[in-house]
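Keep in mind that the numbers below use all heavy atoms, side chains included, and drop hydrogens, waters and symmetry copies. Naming convention: chains lettered A, B, ... in sequence-line order (proteins, then strands); numbering from 1 in each chain.
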Amino acid sequence: MDFSLATWNINSVRLRLDLVLRFLAEQGPDVLCLQETKCPNELFPEEAFRAAGYEHVALHGQKGYHGVAILSRHPFADIVRQEFCAIADARHLSARLDVNGRLIRVHNFYVPAGGDEPDPEINPKFRHKLDFLAELRGVSAEAEPGTPAILVGDLNVAPLEADVWSHKQLLKIVSHTPVETEALTLAQSEGAWRDLMRQAIPEPTKLYTWWSYRAKDWEAADRGRRLDHIWSSADIAADLTGIEVLKDARRWERPSDHVPVVARFNW
DNA sequence: ATGGTGGAAACTCCA
């Protein structure tokens, strides 16, 4: 059976509703995890997604900032919203999906960006990011024995040298500092997660999911970073048939600065 | 070294 799941930091789901609908129509994933919806739950455009075939919608939103959502063709067995760092930000949402009788846990994360200054002593946003990544170590792919797990989202860290346009030039830039990349790698290994994007497209191939709005010509400069990730438990990592990074979505009108990433499985 | 752009929401914060 084929199953596909996508992740996309949409940077306002209401402003870019037409882009999400276009993506769903063109790619038709079973599940789409959105981050930075910037939308309170009561204003989330649920009906438009239902009409597009995504009848099951799980929300964890807040006004103005952050916000995550899961759109699914398959019903949810349960929904969990976990609080991290004892801060009531909408940065996590998890659902157990019933995919034709097979249960799958899906975690959707929006990790704090961390501000500009990579020093936790003087920058509380960076402190928060490191604390969040430390707490992420407690999220295990094997938490529910017998239930495979997928973890996706904007993790706001580009961990590998091939995940950035210039390793040397970004070593002191938030998202690629050693303290962050080590924290993310530790969360991945302690949680027994597999990096599916790098399983499908290994180093040293460059892989980016985000290009800044601030470049004059983002495509010519190509100063991208891989901030968005798809991880899974080992059992279904073997069922991965492909990863697609939809760079074309960065060329759409009024785009998000992140592009969707799709993982396809056959089991 | 700096500022560049974009979104929410509201005269500023955040990415």
Side-chain angles (χ1 to χ4, degrees), chain A residues 7-23 33-45 48 59-69 84-85 87-93 108-120 122-133 136 152-159 163-166 168-177 179-181 183-184 208-229 247 249-261:
Chain A
T7 181
W8 195 5
N9 177 319
I10 195 60
N11 188 17
S12 173
V13 68
R14 283 177 290 172
L15 190 68
R16 292 185 232 288
L17 176 59
D18 55 336
L19 301 190
V20 183
L21 293 172
R22 175 177 172 182
F23 168 75
C33 294
L34 294 169
Q35 304 87 33
E36 279 208 271
T37 54
K38 296 185 174 177
C39 180
N41 292 350
E42 61 272 20
L43 297 178
F44 193 91
L59 300 175
H60 189 187
Q62 68 181 78
K63 186 180 175 183
Y65 303 102
H66 324 314
V68 285
F84 283 75
C85 305
I87 296 172
D89 283 349
R91 295 186 179 276
H92 170 266
L93 176 61
N108 181 10
F109 275 98
Y110 177 52
V111 172
D116 287 333
E117 178 55 59
D119 181 348
I122 61 178
N123 176 9
K125 291 182 199 167
F126 196 69
R127 173 81 271 157
H128 180 209
K129 183 178 197 175
L130 295 182
D131 290 346
F132 197 105
L133 291 170
L136 190 62
V152 304
D154 177 4
L155 305 185
N156 263 316
V157 179
D163 294 338
V164 292
W165 62 277
S166 169
K168 280 188 179 172
Q169 286 178 256
L170 289 177
L171 273 170
K172 291 179 178 173
I173 301 297
V174 170
S175 74
H176 193 62
T177 65
V179 65
E180 293 168 81
T181 60
L184 190 74
Y208 312 140
T209 64
W210 172 90
W211 291 263
S212 172
Y213 284 127
R214 298 179 191 182
K216 274 183 189 157
D217 183 341
W218 69 272
E219 193 161 14
D222 199 26
R223 295 185 167 192
R225 303 179 203 170
R226 183 170 71 111
L227 302 180
D228 303 276
H229 297 266
K247 187 175 181 182
R250 188 66 177 76
R251 302 180 190 103
W252 294 354
E253 199 181 336
R254 283 245 269 176
S256 168
D257 45 355
H258 296 251
V259 298
V261 185

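Along DNA chain B, the nucleotide nearest to A:Leu15 and the one nearest to A:Tyr65 differ in position, and the one closer to the 5' end is contacted by A:Leu15. Nearest-nucleotide positions on DNA chain B for A:Pro112 and A:Gly64 put A:Gly64 closer to the 5' end.
Separating the CD1 atom of A:Ile10 from the P atom of B:dA8 is a distance of 11 Å, rounded to the nearest angstrom. Rounded to whole Å, the distance from CD on A:Glu117 to C1' on B:dC14 is 17 Å. In this structure, CZ of A:Phe126 is placed 15 Å from C1' of B:dA15, rounded to the nearest angstrom. One can place CZ of A:Arg254 at 9 Å from C1' of B:dG7, the figure rounded to the nearest angstrom. Between the NZ atom of A:Lys172 and the P atom of B:dA1 there is a distance of 11 Å, rounded to whole Å. Look at CG on A:Asp116: it is 14 Å from P on B:dC13, rounded to the nearest Å. Separating the CZ atom of A:Arg16 from the P atom of B:dA15 is a distance of 16 Å, rounded to the nearest angstrom. Atom-to-atom, NE2 of A:His128 to P of B:dC14 comes out at 12 Å; the value is rounded to the nearest Å.
Between A:Phe84 and A:Phe132, the ring planes lie parallel to each other; the angle is under 30°, not in the 30° to 60° tilted range.
The C1' atoms of B:dC11 and B:dG7 are separated by 16 Å, rounded to the nearest whole Å. Distance noted for atom C1' between B:dG4 and B:dC14: 16 Å (whole Å). Comparing the same atom, P, in B:dA9 and in B:dA15 gives a spacing of 15 Å after rounding to whole Å.
Of all nucleotides listed (B:dA10, B:dA15, B:dG7), B:dA15 comes nearest to the side chain of A:Glu36. Candidate nucleotides B:dA10, B:dA15, B:dG6 were compared by shortest atom distance to the side chain of A:Arg214, and B:dA15 ranks first. The side chain of A:Ser12 lies closest to B:dA8, out of B:dA10, B:dA8, B:dG4. When each of B:dC13, B:dT5, B:dA15 is scored by its nearest atom to the side-chain atoms of A:Lys125, the top-ranked nucleotide is B:dA15.
Residues A:Asp116 and A:Val174 fail the side-chain proximity criterion, which asks for heavy atoms closer than 4.5 Å.
Here the rule is salt bridge (charged side-chain N to carboxylate O under 4.0 Å, His left out) with A:Glu180, and of A:Lys172, A:Arg225, A:Lys129 only A:Lys129 fits it. When each of A:Asn156, A:Thr7, A:Asn11, A:Asp154 is checked for a side chain to side chain donor-acceptor pair (under 3.5 Å) with A:Gln35, only A:Thr7 meets the rule.
Closest heavy-atom contact between A:Ser256 and A:Ile10: CB-O, 3.6 Å.
Distances shown here put every side-chain N or O of A:Lys63 at or beyond 4.0 Å from the OP1 or OP2 atom of B:dG7. For the pair A:Arg14 and B:dA8, the criterion of a side-chain N or O lying under 4.0 Å from OP1 or OP2 is not met.
In this structure, A:Lys216 reaches neither bases nor backbone, as no heavy-atom distance under 4.0 Å exists between it and the strands shown.
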